[in-house]
Amino acid sequence: MAKRRPRQVDVAKHAGVSPAIVSLVLNGKTDDKIRISPQTVERVKASMRELGYMPNPIARSLATGHNRILGVFTYESVFPLQSENFYFPVLVGIEDEVEAQDYDLLLFTRSRRYAGRRSVYRDGVNQLLMADGSIVFGRDVAADEVARLHDEGYPFVSIGRVETDRPISYVATDYAGATFEVIEYLVGHAHRSIAYLGAPDRSVSYRDREGGYRMAHEHLGLALDERRVRYVDPETLRADDLQALLDGGATAIVCEHHRLAVALLRVARQLGLSAPRDFSLALLGEPPRAADSLANCTTFRIPLYAIGVEAVRLLARVLDGHEGPLRSTLSCDFVSGHTVATLAP
DNA sequence: AATCTTACGGCTTCACCATG
DNA sequence: CATGGTGAAGCCGTAAGATT
């Protein structure tokens, strides 16, 4: 039979004081309203040492209503290889900043059993309440859930802009601005017909990129030909598709994500074409570990680590009682690469 | 058998009190 | 009146116990 762990009341008895004093000594609250003689403080500390007393964190959070635990909830898998560890640097940033802010981290990776998709709620109960506050992220943060979290008053920060009418806090990435910069760069290399290859799934970050593409056309005085904007899966991309874009006059192609770019280079090879010799190519966001065929691709670097850090900082401020939504937009770094050539006149 | 009540877990904190 | 405390409510959910 293992000996029962000593509780606060045991320490109190041992030191000849009331449990309240033990609590106050434990939390160093000897300077405020309540005065405790230095001798008593020492006696209590000695008793705690002697009995090997450790406070019970569950009971503590029961009494205080908080536990200095931050949750991370992801709407998609973080660890499987298919995700190419895109979010890994984000998690590293979160971990580092959580440590710096003296919190603990709790990772929620719930099954899809309940709503057909991952959900914060289990049988209608917000599981994130186990933590003082949480960071939610994923390519498809569910707008309805986030709205509900907000309405319930649960403290959280979203990584990625969420389209909802609620004033939620988030860390956004300036995909529009970064894409604008890429288009500007292409235009600087004399391209005026730039095709856009996007994913069929129009999640927020993709639409932001496309917004930047369109904005650049407007601001740079380029004619936008809708036939050059294509939504396609990498698996279904055919050589014909590339041929059609080039026949239509496109001299440069931007890809929303790296699997599209890889697929594009594959079908180019089938046609005996390559970038930047036969067309220019830019990728709208660097893959975490650049795929071999994209090692020199013109792209931009997403500040994944900084996004994680910033999310924790915002959440910490929310938990410190900051009222109203906190929002940060981080910019990306342009990477010139070698897949864009200056177009001959 | 169904429904309602209470004790319990360990800790924090507010209101209050005895003594020199 | 300053010093050095004490007592008890309450945090929340569960399960055992009491009452119909």
Next item on the list: Sequence neighbours left out, what passes side-chain hydrogen bond (donor to acceptor under 3.5 Å, both in side chains) with A/Asp102? Give chain and number order.
Entry: none
Next item on the list: Under the side-chain contact (heavy atoms from CB on, under 4.5 Å) rule, collect the residues that match up with A/Ser61, sequence neighbours excluded.
Entry: A/Asn67
Next item on the list: Measure from CD on A/Gln39 to C1' on C/dT3 and round the result to the nearest Å.
Entry: 12 Å
Next item on the list: State which residues pass side-chain hydrogen bond (donor to acceptor under 3.5 Å, both in side chains) with A/Asp96; sequence neighbours excluded, sorted by chain then number.
Entry: A/Tyr305
Next item on the list: Tell me, please, which residues at least two apart from A/Glu323 pass side-chain contact (heavy atoms from CB on, under 4.5 Å).
Entry: none
Next item on the list: Please state whether the rings of A/Tyr75 and A/Phe73 are parallel, tilted or perpendicular, taking 30° and 60° as the class boundaries.
Entry: perpendicular
Note to self: Test of understanding: with side-chain hydrogen bond (donor to acceptor under 3.5 Å, both in side chains), list the residues that count as partners of A/Thr299, not counting sequence neighbours.
What the structure shows: none
Next item on the list: Any side chain to side chain donor-acceptor pair (under 3.5 Å) involving residues 331-345 of chain A? Give me the pairs, sequence neighbours left out, ordered by first then second residue.
Entry: A/Thr298-A/Thr339
Margin query: The criterion is salt bridge (Lys or Arg N to Asp or Glu O under 4.0 Å); which residues satisfy it with A/Asp320, sequence neighbours excluded?
Written below: none
Note to self: At under 4.0 Å between heavy atoms, how does the protein contact nucleotides 12-20 of chain B? Give one character per nucleotide, 5' to 3', with B, S or -.
What the structure shows: BB-B-----
Next item on the list: Using atom CG of A/Asn56 as one end and atom P of B/dC8 as the other, report the distance to the nearest whole Å.
Entry: 17 Å
Margin query: Checking side-chain polar atoms at under 3.5 Å, does A/Ser47 have a donor or acceptor matched by the opposite partner on A/Arg43?
Written below: no
Check: Should A/Thr40 be listed as having a side-chain N or O under 4.0 Å from OP1 or OP2 of C/dG5?
Finding: yes
Next item on the list: State which residues pass side-chain contact (heavy atoms from CB on, under 4.5 Å) with A/Ser37; sequence neighbours excluded, sorted by chain then number.
Entry: A/Gln39, A/Thr40
Next item on the list: Answer with base, sugar-phosphate or nothing: what part of the nucleic acid does A/Val17 contact at a heavy-atom distance below 4.0 Å?
Entry: sugar-phosphate
Checklist line | For A/His191, all residues meeting side-chain hydrogen bond (donor to acceptor under 3.5 Å, both in side chains), sequence neighbours excluded | finding: A/Thr251, A/Ser280
Note to self: Given B/dG10, C/dT6, C/dG4, identify the nucleotide with an atom nearest to the side chain of A/Ser37.
What the structure shows: C/dG4
Next item on the list: Enumerate the residues from residues 66-73 of chain A whose closest heavy atom to DNA chain C is under 4.0 Å, giving them by residue number; use none for an empty result.
Entry: none
Notebook entry, point to check: Which whole-number value in Å describes the distance from A/Met48 CE to B/dC11 C1'?
Noted result: 13 Å
Next item on the list: Rounded to 10°, tell me the angle between the two end axes of the helix from B/dA1-C/dT20 to B/dG20-C/dC1, each built from five pairs.
Entry: 80°
